[in-house]
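One structure below.
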Amino acid sequence: MSDFFSSLNPAQLEAVQSYQGASLIIAGAGSGKTRVLTCRIANMLAHGVPPSAVLALTFTNKAAKEMKERIAGVVGERARYLWMGTFHSIFARILRYEAEKIGFTSSYTIYDTADSRNLLRAIIKELKLDENTYKVNDVHARISMAKNNLITPQAYAGSSSIAYNDAQARKPHMPMIYAAYARRCKSAGAMDFDDLLLFTNILFRDHPDVLQKYSEKFCYLLVDEYQDTNYAQYLIIKKLAARHHNLCVVGDDAQSIYSFRGAKIENILNFQKDFPESRVFKLEQNYRSTQNIVNAANSVIEKNAGQFKKKCFSDGDRGEKVGLLAAFTDQEEGLRVVGDIADRLYGAQAQYSDFAILYRTNSQSRIFEDSLRRKNIPYRIYGGQSFYQRKEIKDLLAYLRLIVNHSDDEAFKRIVNYPRRGIGDTTIARLEALASQSNLSLWDCILSLTPEQAEVRGAAYKKVSQFLLLIGAMSRQAGEQEAYELAYAVAQQSGVIAELRADKTIEGIARLENVEELLNGIKAFCENYKEENGAPPLIAQYLENVTLLTDADKEKPEEVNTVSLMTIHAAKGLEYAYVYVVGLEENLFPGKLSMMSPPEMEEERRLFYVALTRAKVKATLSFAQTRYRWGKPESNPPSRFLKEIDPSCVDLSVIELDADTLSQDPDDYAEGCATSSPPRFVRKAPRQPYGQPPRPAAPPPLPPPPVNSLSPQLAGGMAAGVAVEHKNFGRGVVTNVENLGGDVKVTVNFKLAGKKSLLMKYAKLKIIDN
DNA sequence: CGGCCCCGCGTTTTT
DNA sequence: CGCGGGGCCG
């Protein structure tokens, strides 16, 4: 323990030691925030605070897990009894326990975003509202905002300011939709993500005894990433802290990047007003990055108004300047970034996992994937289409959900006719109308039907009843079997496995493998749970875990040696030696929607700040003059953020070099970036853009080959008898070269690996001189 | 009722 | 461009 403390700087030590009362820890990027939180909790435990009296709320599951592990490293066993997790997972747990008090059962299910949207779509349709006016995503966002601000359907309907706002947006029927949505969630025994926070507030508001119980229990509260809390979360914290006043919040206003989902940066800015007796600690020394990176980041964030005063600094090397890569097209941007990575890799100073490519939007990932694949560089994408969002996974999970909670209508609709049982849309539509009228779930509605009832009878009634019997039988099994056995049996008995087996396509096989992976995942969860809790989990617990855990939470980036690709949002809290922030163009980063809104522009700038500060050794920024969006070329000037960086931290020479190598007309520079400022980085498109003529409307499968640098040459000196080297296969001799329309197939006899046929496009073959 | 095709929309970002 | 939803036809 004392060893632990000796590694802390004075500011950190102070923040660790004064654990009583209210504290605000302003933790700059890379300032050892996790270390401080970890030590602080360890210190509390060392002073006799029981772990079960500590509630630590984090923003991601990953952060919680990491911290728990680190605390366990110091205090061992006892770390298990800490209450540590995300707001959503902690309060889902409390709500499960207290469900009856707010009219739910403890087996309530959690609707994910897709479920919520499906339900809203159905409601909008049922209410016969215009689906173009009432766009599902927009309606959902409005309801979500309302819930985050603790506005119930009743309050929503009663608010004139909301009514005015909705009228402005030409959506006067929002109150009706919200009310119907809430009613349907309730009768389905389901809560959406926002409900977990809303209902926790309702629980605490309406049941003072319950609030008292938990506020007594949690003597010490810690909140990480406080700048990302929304109003609902803020109020929960405030209520829980009211009893003991031992509240420690940690955050960095400069890294607030979630206002789009209701996060209020004011929460951290106003903390001292809320808790006048609080102490403030500032962690300003950055241990992560070089001076150039920290200074560059500082110079950018300075452009934002309303910051906490702090002066982040690095004691490390001055380091390399921030790099810039200019490209004419998005394709070329991919080649250049990956080429740069390859150069550093082969300089042997770095391994794959030292690199990250960060982008603003997920759709940018594809081009980098292509380039990486072609160079045989292993990579991993975080986020994007998650495993748990795949159809086959959602289908199987829907069975489990329905088994646990028969009222889960979204699960019901998803699988009632999968695999095909001859239950069609008409039947379901009728049932839904009926259920909605009588305020029943679909399941209960069917149970209440008589075989003579006009709406659903005869064959349809029989089929639906059979489905109920099938699920009912599985539910009975659920009482006797462990989660894994149950899930396996369900996959079999439901016919899902048979259905997938019948599909012999590549995709079909992949789907079957995914289901297998899911089953393995359930098994692993069960074993892990048993180890921690001594008893097997209920299937409901598994489902909750699945819904609230992103798959980013389940992966340990350090474990795999690959280049990482992710959005900047997903990169928050992570660090890499070499970071490439790509797509730095107006209307992309900063995004188009932020152009008209100064607060949103500031958030984009914070996002850029987050991106830069992920880098330990070198940050490289890239932009393309033209990029394909929705299949159409689009040209935007370089991002204003580039100009905002203190020029002394940026390596501008790269641009000059590029102009020589790339442009046919090196003197052809344009004036002005995004605005009218110095023409520092911009170059007009040359008359003849790089490489082949502009891409045709439907781009060819793969663009010009990336053979060494940007040479358009294909065969590149390949011929029989040439000695070559391959990264994985080692050295060998070329025995044959074939020209296949636009691509070159090379057959190589490797000394160790034997004969291989390689496509020049994909394999990076190096010619050995002797 | 199920399969196929066309159309429209989306790109912020995620618990 | 790629996906999902809705409409149409067999």
Side-chain angles (χ1 to χ4, degrees), chain A residues 57-64 85-92 110-114 116-118 121-122 125 131-132 135-138 140-141 144 147-148 191-197 225 228-230 232-233 256-263 330 358-367 382-386 388-389 391 417-429 459-460 463 544-553 566-572 583 587-595 600 603-604 606-607 610-611 627-634 695 697-699:
Chain A
L57 297 163
T58 61
F59 194 63
T60 63
N61 295 292
K62 195 167 65 184
T86 61
F87 278 90
H88 290 85
S89 66
I90 294 285
F91 295 112
I110 299 171
Y111 275 178
D112 69 11
T113 311
S116 301
R117 290 188 181 160
N118 289 339
R121 187 172 295 117
K125 213 170 286 176
E131 287 170 52
N132 285 321
K135 296 231 178 83
V136 173
N137 284 357
D138 186 61
H140 186 232
S144 176
K147 288 184 177 181
N148 286 161
M191 292 195 211
D192 66 17
F193 287 141
D194 304 314
D195 282 335
L196 295 173
L197 306 176
E225 309 281 16
D228 286 329
T229 50
N230 61 32
Q233 292 165 322
S256 160
I257 54 173
Y258 282 103
S259 78
F260 69 92
R261 70 177 205 215
D330 47 0
L358 309 182
Y359 34 77
R360 180 67 239 271
T361 64
N362 275 310
S363 59
Q364 286 166 262
S365 70
R366 180 154 274 143
I367 284 173
Y382 295 84
Q385 238 260 7
S386 119
Y388 294 97
Q389 273 152 262
K391 184 188 175 306
N417 200 30
Y418 179 81
R420 312 259 87 104
R421 294 187 178 89
I423 302 171
D425 294 343
T426 3
T427 308
I428 298 305
K463 285 178 199 162
E544 179 178 305
N545 162 69
V546 153
T547 318
L548 295 179
L549 244 57
T550 326
D551 40 47
D553 295 323
M566 66 189 92
T567 63
I568 300 163
H569 283 88
K572 191 164 159 198
N587 295 319
L588 178 59
F589 192 17
K592 195 180 265 160
L593 296 170
S594 63
M595 291 297 166
E600 280 178 56
E603 177 142 319
E604 296 282 308
R606 291 192 294 268
L607 195 55
V610 168
R627 108 169 26 249
Y628 278 73
R629 288 236 255 178
W630 304 316
K632 284 202 150 56
E634 206 176 89
R695 227 178 335 196

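All heavy atoms count here, side chains included; hydrogens, waters and symmetry mates do not. Chain identifiers are assigned alphabetically (A, B, ...) following the order of the sequence lines, protein sequences preceding nucleic acid strands; residue numbering begins at 1 within each chain.
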Check every atom of dT15(B), dT13(B), dG2(C) against the side chain of Phe260(A) and return the nucleotide holding the closest atom.
-> dT13(B)
How long is the line joining CG of Leu607(A) and P of dT11(B), in whole Å?
-> 17 Å
In terms of the nearest nucleotide of DNA chain B, which residue is placed more toward the 5' end: Leu593(A) or Phe59(A)?
-> Leu593(A)
Which protein N or O atoms sit under 3.5 Å from an N or O of nucleotides 2-8 of chain B?
residue : atom : partner   : partner atom : Å
dG2(B)  : OP1  : Gly422(A) : N            : 3.4
dG2(B)  : OP2  : Asn417(A) : ND2          : 3.3
dG3(B)  : OP2  : Arg420(A) : NH1          : 3.3

Whole-Å distance between dG4(C) C1' and Lys391(A) NZ?
-> 13 Å
Residues that Ala571(A) engages under side-chain contact (heavy atoms from CB on, under 4.5 Å), provided they are two or more places apart = Leu358(A), Met566(A), Arg614(A)
Atom-pair distance (CD on Glu131(A); C1' on dG4(C)), nearest Å | 13 Å
Could you tell me whether Lys135(A) contacts a base, only the sugar-phosphate backbone, or nothing, with contacts defined as non-hydrogen atoms closer than 4.0 Å?
-> sugar-phosphate
When you check the phosphate oxygens OP1 and OP2 of dC1(B), does a side-chain N or O of Thr427(A) lie under 4.0 Å from one of them?
-> yes
Could you pull out all residues at least two apart from Arg261(A) that satisfy salt bridge (charged side-chain N to carboxylate O under 4.0 Å, His left out)?
-> none
Test salt bridge (charged side-chain N to carboxylate O under 4.0 Å, His left out) applied to Glu600(A) - qualifying residues, sequence neighbours left out | none
Quick one: label Arg366(A) by what it contacts on the DNA or RNA (base, sugar-phosphate, nothing), any heavy atom closer than 4.0 Å.
-> sugar-phosphate
dT13(B) and dG4(C), which share atom name P, separated by this distance in whole Å = 15 Å
Interatomic distance, Ile367(A) CD1 vs dC1(C) C1' [rounded to whole Å] | 11 Å
Does a side-chain N or O from Asn148(A) land closer than 4.0 Å to OP1 or OP2 of dT15(B), or not?
-> no
d(NZ, Lys632(A); P, dC9(B)) in whole Å | 14 Å
Could you check whether Glu600(A) gets within reach of a base, just the sugar-phosphate, or nothing at all, counting any heavy atom under 4.0 Å?
-> base
Roughly how many Å is it from CG in Asn545(A) to P in dT15(B), rounded to a whole number?
-> 13 Å
With sugar-phosphate meaning primed atoms plus P, OP1 and OP2, does Lys125(A) contact a base, only sugar-phosphate, or nothing at under 4.0 Å between heavy atoms?
-> sugar-phosphate
Reckon Asn137(A) touches a base, only the sugar-phosphate, or nothing at all at heavy-atom distances under 4.0 Å?
-> sugar-phosphate
Compare the minimum distances between each of dT14(B), dG6(C), dT11(B) and the side chain of His569(A), then state the nucleotide with the smallest one.
-> dT14(B)
Figure out the OH/C1' separation between Tyr111(A) and dT14(B), and round it to whole Å.
-> 20 Å
Aromatic rings Tyr258(A) and Phe59(A): how do their planes relate, parallel, tilted or perpendicular, breaks at 30° and 60°?
-> tilted
Sequence neighbours excluded, the answer for side-chain contact (heavy atoms from CB on, under 4.5 Å) partners of Ser89(A) is Asn61(A), Thr86(A), Leu548(A)
Looking only at side-chain atoms of Thr426(A), point me to the closest of dT13(B), dG2(C), dC1(B).
-> dC1(B)
Could you check which of dT15(B), dT14(B), dT13(B) has an atom nearest any side-chain atom of Ala570(A)?
-> dT14(B)
Under 4.0 Å between any heavy atoms, over every strand shown, what does Tyr258(A) touch: base, sugar-phosphate, or nothing? Just pick one.
-> sugar-phosphate
Which atoms form the tightest heavy-atom contact between Glu603(A) and Ser256(A), and what is the distance?
-> OE1-O, 3.8 Å
Whole-Å distance, Asn61(A) CG to dT14(B) C1', equals 12 Å
Counting just side-chain N and O atoms, does Asn362(A) come under 4.0 Å of either OP1 or OP2 of dT13(B)?
-> yes
Between Thr567(A) and dT14(B), does any side-chain N or O lie under 4.0 Å from OP1 or OP2?
-> yes
Which pair of non-hydrogen atoms, one from Asp194(A) and one from Ser144(A), has the smallest distance, and what is that distance?
-> OD2-OG, 2.9 Å
Minimum-distance pair of heavy atoms, taken over all atoms of Leu197(A) and Ala232(A) | CB-CB, 3.9 Å
Quick one: list whatever passes salt bridge (charged side-chain N to carboxylate O under 4.0 Å, His left out) with Lys572(A), sequence neighbours left out.
-> Glu225(A), Asp228(A)
